[in-house]
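One structure below.
The chains referred to below are lettered A, B, ... by the order of the sequence lines, with proteins before strands, and numbering in each begins at 1. Note that the structure is predicted; figures quoted are calculated from it, not measured.
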Number of protein chains: 2
Amino acid sequence: MSNATHTLDAAERYCAERGLSLTPVRRRVLELLVDAGGPVKAYDLMAALKPGGSAQPPTVYRALNFLTRSGLAHKVEALNAYTACLCDYSHDKSGHDTVQLFICECCDTINERHIHKSPTDAPEGFRVSRSVIEYYGRCARCVAC
Amino acid sequence: MSNATHTLDAAERYCAERGLSLTPVRRRVLELLVDAGGPVKAYDLMAALKPGGSAQPPTVYRALNFLTRSGLAHKVEALNAYTACLCDYSHDKSGHDTVQLFICECCDTINERHIHKSPTDAPEGFRVSRSVIEYYGRCARCVAC
DNA sequence: TCTGTGGGTGTAATATAATTACATAACGTC
DNA sequence: GACGTTATGTAATTATATTACACCCACAGA
């Protein structure tokens with residue numbers, strides 16, 4: 001049983017309010033991401049989905065697409081991995097919020113910030129539709145190591 | 001013949017000054033990137049490297065590693081593609097400068113900004129060692145389309 | 001009740017991206 | 001000449017992701 005029931009319940013409500021269907025597969029993938037508390041590879045999710053055997057790639061990639069589209073998860077581009085969205089579910093995640101990820105390469109945890117401003121020095125006239133912002137380094141606890 | 005001879009000569013000098021060896025393969029890959037003027041896939045570089053046939057993945061990935069390590073090229077993480085560094089070669093590229101890429105999804109060009117500051121709202125004590133910042137959208141010329 | 005229709009899933013095959021492992025070559029140094 | 005270092009060639013493999021097609025099911029309208 002997950003220790004993140006609370007988060008999943010919140011996701012459930014979040015989806016219900018918006019007509020998104022958080023099916024068993026999708027919910028299970030989100031649960032795996034939440035429990036991991038850090039970046040997880042798609043193929044590891046696949047393995048975890050069907051311990052006995054045979055979940056296929058599309059199963060997990062479809063779930064991940066749904067979760068990222070809905071704002072419940074993020075892709076960590078430079079790692080080809082995925083992570084649950086950590087912010088609370090009180091606001092609409094489908095907006096154009098920009099997510100910044102702070103990834104500790106030492107303890108493999110992710111810290112997340114949502115910012116609401118555009119880049120300060122974009123080229124004249126450039127209209128941003130999507131942004132990828134990832135910082136790699138060491139979190140406060142690992143700086144000492 | 002490349003129309004970017006000037007850039008390549010500058011790269012040549014840049015490497016000479018720093019004891020980096022810009023070998024023919026590496027130079028050729030850089031040339032392909034410069035000529036493309038936008039993100040290029042590793043396997044496309046492979047194909048272009050040996051028109052007659054059989055360049056293998058390690059050839060191009062090794063060259064790309066050298067170029068990115070040296071600051072002469074960047075990986076566009078969210079596209080699994082690579083692009084030549086567009087800034088001038090007057091300063092040391094191996095520092096901890098942060099590169100911001102502005103990628104126009106319409107005309108497939110990349111604009112580049114080097115910034116010298118840390119993220120404003122990093123978690124307390126987080127020490128950044130590497131950052132990935134990519135903005136996708138439409139450049140000024142394509143906003144109209 | 002029948003019959004579409006659309007969203008979601010199962011499965012096999014394939015495409016795309018990147019690495020490993022090992023052999024060879026080129027070059028400088030002792 | 002023997003050796004170490006750096007770069008390259010080549011084959012095989014691993015890792016990541018998509019396509020295509022079949023099936024199921026809930027639901028709306030005739």
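Between the P atom of D:dA17 and the CG atom of A:D44 lies a distance of 12 Å, rounded to the nearest Å. Atom CZ in A:F66 sits about 7 Å away from atom P in C:dG8, given to the nearest Å. One atom, CG of A:L49, and another, C1' of C:dT9, lie 12 Å apart when rounded to the nearest Å. Atom CG in B:L20 sits about 13 Å away from atom C1' in D:dT6, given to the nearest Å. Following rounding to the nearest Å, B:L79 (CG) and C:dA18 (P) show an atom-to-atom distance of 11 Å. One interatomic measurement links the two molecules: CD of B:E77 to P of C:dA17, which rounds to 13 Å at whole-angstrom precision. Between A:Q56 atom CD and C:dT14 atom P the separation is 14 Å, expressed in whole Å. Note: CE (A:M46) to P (C:dT11) measures 12 Å, nearest angstrom.
OP1 or OP2 of C:dG8 has not a single side-chain nitrogen or oxygen of A:T23 nearer than 4.0 Å. Here B:N80 reaches the OP1 or OP2 of C:dA18: one of its side-chain N or O atoms lies under 4.0 Å away. An OP1 or OP2 oxygen of D:dT16 is reached within less than 4.0 angstrom by no side-chain nitrogen or oxygen of A:K75.
By the 4.5 Å heavy-atom criterion applied to side chains, A:E77 and B:V132 are not counted as neighbours. The shortest distance between side-chain heavy atoms of B:T59 and B:L49 falls below 4.5 Å.
Here D:dT18 is the nucleotide among D:dT18, C:dT9, C:dA21 with the atom lying nearest to any side-chain atom of A:P57. Taking the side chain of A:K41 as heavy atoms from C-beta on, and the options D:dT16, C:dA18, C:dA12, the nearest nucleotide is D:dT16. The listed nucleotides are D:dA11, C:dG8, D:dA17; the one nearest the side chain of A:S21 is C:dG8. Checking D:dA17, C:dA18, D:dG9 against the side-chain heavy atoms of A:Y61 singles out D:dA17 as nearest.
Using a 4.0 Å heavy-atom criterion, one finds that B:R26 contacts the sugar-phosphate atoms exclusively.
To the nearest 0.5 Å, the span separating SG on A:C139 from CG on A:D108 amounts to 10.5 Å.
A distance-only check finds no donor-acceptor pair linking the side chain of B:R127 to the backbone of A:V143 [under 3.5 Å]. Of the possible donor and acceptor atoms, none in the side chain of B:T68 sits under 3.5 Å from a partner among the backbone N and O of B:A73.
Applying the 3.5 Å distance criterion, the base of C:dG10 shares a donor-acceptor pair with the side chain of A:R62. Counting atom types as modelled, A:Y43 pairs no side-chain N or O with a base atom of D:dA15 as donor and acceptor under 3.5 Å.
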